[in-house]
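Scroll down for the structure; my scribbles are underneath it.
Just so we're clear, the structure is a prediction, and the values are computed from it rather than from any experiment. One-based numbering, in listed order, for ligands and for the atoms of each.
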Amino acid sequence: MIEMKDVTKKYPNGVTALRGVDISIKPGEFVYVVGPSGAGKSTFIKLMYREEKPTSGQIVVNGVNLSTLKDKSVPLLRRQIGVVFQDFKLLPTLTVYENVAFAMEVIEESPSAIKKRVMEVLDLVGLKSKARMLPGELSGGEQQRVSIARSIVNQPKVVIADEPTGNLDPDTAWGIMDIFEKINAKGTTLVMATHNKEIVNTIRRRVLAIEDGRIVRDEQRGDYGYEI
Ligand code: ADP
Ligand code: ADP
């Protein structure tokens with residue numbers, strides 16, 4: 001599903017964010033990525049959806065070799081990978097419905113199929129009744145649920161999230177985790193960078209720890225392992 005072989009990422013300013021990373025994530029896995037600030041977690045996530053390219057090494061996602069993927073094929077890759085951000089990245093002038101539908105409109109689906117699917121995913125995240133609202137009219141947790149609906153509308157095999165609960169209070173964060181668990185239970189691979197110790201230590205899943213650009217721990221049902 002996701003393979004990295006000897007992946008190194010050096011940014012143009014000379015910072016080496018990842019060094020010799022080897023990992024393999026199987027279909028349907030739920031993986032937390034933990035580690036101190038600046039360790040390389042975001043870089044690891046960005047390499048998976050080709051927001052950044054590795055300096056060396058191989059990355060394969062859903063059978064697509066990102067090293068040889070042409071830039072013009074990146075949008076096609078992105079449709080197979082759902083991405084969720086800490087700051088939601090919703091389009092502020094579009095309604096909830098439109099934010100989710102937007103991700104589908106690029107693919108050639110009929111308007112009725114789009115409507116059916118958008119309402120289905122809004123229902124899954126509990127926001128069917130807010131379809132006509134604008135992001136600015138919603139709470140942070142609701143905005144994150146819209147962004148999760150957008151990430152899954154095209155039925156990706158993989159969902160990648162970079163600190164999805166980072167801006168949310170604890171109760172709201174647990175609500176977001178319920179949704180991720182439902183998505184993962186349907187077979188979608190989930191990779192989530194997080195600083196949320198309580199969540200990692202409660203919903204036990206595979207833990208990858210990154211420190212100074214290296215994978216220093218890879219445990220099935222691991223714990224968070226840091227004090228904060
Ligand atoms: P984390 O997500 O664990 O906080 P990052 O992947 O964001 O770590 O950053 C890893 C290292 O790479 C840090 O030293 C950071 O400053 C650096 N870095 C991240 N993005 C860039 C960038 N676009 N250009 C240069 N350096 C970067
Ligand atoms: P987070 O801590 O949430 O992982 P960062 O603060 O590391 O996020 O990064 C925020 C943005 O700034 C990212 O797009 C990252 O690529 C970029 N960035 C991070 N560190 C640097 C850096 N040293 N130089 C340039 N861009 C950076």
- prompt: Evaluating non-hydrogen atoms only, which member of L18, T43, L47, V34 is closest to atom 5 (P) of ligand 1?
  reply: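 Considering heavy atoms of L18, T43, L47, V34, the nearest to atom 5 (P) of ligand 1 sits in T43.
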
Which of the numbered atoms in ligand 1 are under 4.0 angstrom from any heavy atom belonging to [X]?
X   : value
K41 : 1 (P), 2 (O), 3 (O), 4 (O), 6 (O), 8 (O)
A17 : 10 (C), 11 (C), 12 (O)
S37 : 4 (O)

- Message: Is P36 close enough to touch ligand 1? Criterion: a residue heavy atom under 4.0 Å from a ligand atom.
- Response: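 A heavy atom of P36 does come that close to ligand 1.
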
Problem set entry | Inter-residue atom distance N184.CG - I179.CD1, 0.5 Å rounding |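 If we round to the nearest 0.5 Å, N184:CG and I179:CD1 are 13.5 Å apart.
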
CZ on R145 to CG on L124, rounded to 0.5 Å: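 So the CG of L124 and the CZ of R145 are separated by 10.5 Å.
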
Is V31 reachable from I176 through a run of I, L, V, M, F, W or Y residues, each pair having side-chain heavy atoms under 4.5 Å apart?
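In one cluster: no.
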
When P135 is tested against each of N99, L94, V146 for side-chain contact (heavy atoms from CB on, under 4.5 Å), which residue passes?
->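 With P135 as partner, N99, L94, V146 yield a single side-chain contact (heavy atoms from CB on, under 4.5 Å), made by N99.
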
Under 3.5 Å, side chain of R117 to main-chain N/O of S112, donor-acceptor pair present?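 A pair under 3.5 Å: no.
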
Open item on the list: Below a 4.0 angstrom heavy-atom separation, can you tell me which part of N13, side chain or backbone, both or neither, approaches ligand 1?
Closed with: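 Answer for N13: side chain.
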
| request: Just let me know how P12 lines up against ligand 1, side chain, backbone, both or neither, with a heavy-atom cut-off below 4.0 Å. | output: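 Answer for P12: neither.
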
_For the 3.5 Å polar cut-off, considering only N or O atoms, please tell me whether S42 and ligand 1 meet it._
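Min N/O separation from ligand 1 is below 3.5 Å for S42.
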
- Item | V15, any N or O under 3.5 Å of ligand 1 N or O |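 Between V15 and ligand 1, no N or O pair is found under 3.5 Å apart.
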
| request: Look at the aromatic rings of Y226 and Y224 and report parallel, tilted or perpendicular, splitting at 30° and 60°. | output: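 Y226 and Y224: perpendicular rings.
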
Open item on the list: Pairing donors with acceptors under 3.5 angstrom, does anything connect the side chains of T194 and N196?
Closed with: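 Per modelled atom types, T194 and N196 side chains form no pair under 3.5 Å.
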
